[in-house]
Structures are given as C-alpha cells and as structure tokens.
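The block underneath contains the structure these notes are about, expressed in structure tokens.
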Amino acid sequence: MPARRSSGLPDDFYALWLGRTMSHTCALWADGDTLEDAQIRRIDHHAAQAAAGGAARVLDIGCGWGATLERLVRVHGVGHAVGLTLDQRQAARAQQRAARCEVRLEGWADHRPDARYDAILCTGAFEHIAGLELSREEKVACYRAFFTRCRSWLRPGGRLCLETVAQGYPPDGPQAARDAMLMALTLFPGAQPPGLAEIHEAGSGILTCVRVRNDHEDYARTCRCWLARLLAARARAVALVGDETTADHERYLRASVRLFEQGHASLLRLTFRR
Ligand SMILES: C[S@@+](CC[C@H](N)C(=O)[O-])C[C@H]1O[C@@H](n2cnc3c(N)ncnc32)[C@H](O)[C@@H]1O
C-alpha cells in the first residue's frame, strides 16, 4: 500500500510557478495562450476525449490540487467526480474546491469504487505506477494491472485518458539526455517514464487504444513558462523553501526544457476505450 505523504513543500511555493490552476502537468498550447488558458485547454481536451461531458461518474487518478475535478463538475456537467491522490494537502485543497467531488487519499491499487465510471482520467500519475529497478517484463506487468483495474471500473464503451511523460526517441538518447532525465527524476522519487511500446503491450487485449499523440513541444513550452515564473518570483521562493530547493527546481525545469525540446522525453496523450 503506498504511503500517505505530502511533498513537504508548501502549496504557496507551487502556486508561484504552476499558476492559478495549480496543474502540475503539461499544458495544451494554442497561439496567444497564457499558461492558465493552456491548462484549461488541456483539461477540456481530456474531458472531450473521455466523452466526460454530462457523465454521471468520472474518476481522476492522481487529481493533484483538483483543477480537473472542479472543471468537470462546474463546466462539463459531470454529476459526481472522484479524485485520488496520495498527498494530504492536495486532498484537502481539492476537496474544498468543488461541490459534487469526492477526494480520496488513496492509491489506485487500493481504490474500490461504489459503482462503475463513465470515464477515467489519469494525468501525471502513470509515471508512478512501475517502480525503478524493474525489468521490462515487470514494468509491463504493473501497467497491465493498472489497465485491468481501469477496465473493471469502466462501463462498456467508457473511456480512459492517459497523459504521461515517456521515453523519447531514441529511448535512451545521448548521455547528456540520460543525465538530464535522471536529474529531472530526482525531484520525483520512484517515478519511471514508460516506453510507448510497453504501454501498448500492457494494454493490448484489455482496452482499445483509439488515439495517441506526442506533445513533447508542449511540455518544453510549459516548463519554460514555469521556469520564467519561478525565476521572476525567486526571492519569494527562497523565503518559502530555501535557496537549495529553489535551485533544484530551476535545474529540473532547465533540464526538462532541453529533454522535451529535443524529443529525448515524450509527453504522451492516449485515449483508450473499453
Ligand atoms: C504530477 S501530479 C499531477 C496532478 C494532476 N493530475 C494535475 O494535472 O495537475 C501527480 C499526482 O498523482 C498522484 N499519485 C501518484 N501516485 C499515485 C497512485 N499510486 N495512486 C493515485 N494517485 C497517485 C499524486 O499524489 C499527485 O496527485
């Protein structure tokens, strides 16, 4: 069972650079967008892909601070939205954010829904499903267990939308890219980017994959924007979390911009149907 935890860093620190929606995942950009516009565009994209508009029940696995839950019920007419997170502070904030939402402090493997879902979203949590040090077969088995669960929770015809950082092309890239990936991952202990082939192998025969896109350039732009905001608010960031943690985040963001710009890391958005 995963441990209940918080990042240890105050929400105010994340608010300095993640912006008003407090979304800690890749925005979906169009010309002229602010970060907030692009994060809303991403949520609306997943809601449309998952056919969540007007749905009775939707699950958000890894709901963060609740931006998606809030928009699902307030704008997309979802009757009841359930969010899962392992972070106590996120759970508290997400629960305050919207009526008709139920936020549970539990991991996906412990989830026992009261009824089937019409749609499931999972943005930025799939990276945590398989631990480090696993063989390829073991990783695929973890992903398969996840897809099997999602299938059992979905009504027939229901959709799963997945957004995940994944290995780039070529998968390992040059040494500099591997170093950058390792550095970026130090801030996300236990996170492990999957390969697209592993995802397909794991999902095959369980759910039908109906759409895949690699929006790595969107993530480069998102990280560039986060970095600019963090640098602009540096004094406040240092006051909140100290110089070392601020510098760690600046390094992670710089490395991430390079990784995604050059395609050595992917940002996959996949839609599956039961
Ligand atoms: C990078 S954040 C993404 C948050 C949110 N989806 C967003 O778009 O801003 C990852 C989230 O996944 C959650 N998470 C990580 N492992 C999980 C697990 N095994 N089960 C459920 N949630 C998990 C974390 O607690 C956190 O809320």
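Ligands are counted one by one from 1 in listed order, and the atoms in each one are counted from 1 as well.
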If the threshold is 4.0 Å, N to carboxylate O, is there a salt bridge linking D118 and R57?
no
Does a sphere of radius 6.0 Å around CZ in R20 hold more than 12 heavy atoms from other residues, nucleotides or ligands, not counting ones at 6.0 Å or beyond?
no
Distance filter under 4.0 Å to Q90 heavy atoms, resulting ligand 1 atoms
25 (O), 26 (C), 27 (O)
N or O pair under 3.5 Å between T123 and ligand 1:
yes
Any nitrogen or oxygen of D60, main chain or side chain, under 3.5 Å from a nitrogen or oxygen of ligand 1?
no
The atoms of ligand 1 lying under 4.0 Å from a heavy atom of T25, numbered in the order shown, are 7 (C), 8 (O)
Would you say ligand 1 has an N or O under 3.5 Å from any N or O of W108?
yes
Report yes if G62 has an N/O atom closer than 3.5 Å to an N/O atom of ligand 1; otherwise report no.
yes
What's the spacing between Q192 CD and E198 CD if we round to 0.5 Å?
7.5 Å
Side-chain heavy-atom pair L28, R213 within 4.5 angstrom cut-off:
yes
Any chance you could measure E261, atom CD, to H216, atom NE2, to the nearest 0.5 Å?
10.0 Å
When hydrophobic residues are tied together by side-chain contacts of less than 4.5 Å, even through go-betweens, does L134 share a cluster with F146?
no
Give yes or no for whether the N/O distance cutoff of 3.5 Å, strictly under, is met between I61 and ligand 1.
no
Would G124 count as being in polar contact with ligand 1, using the rule that some N or O on each side must be under 3.5 angstrom apart?
no
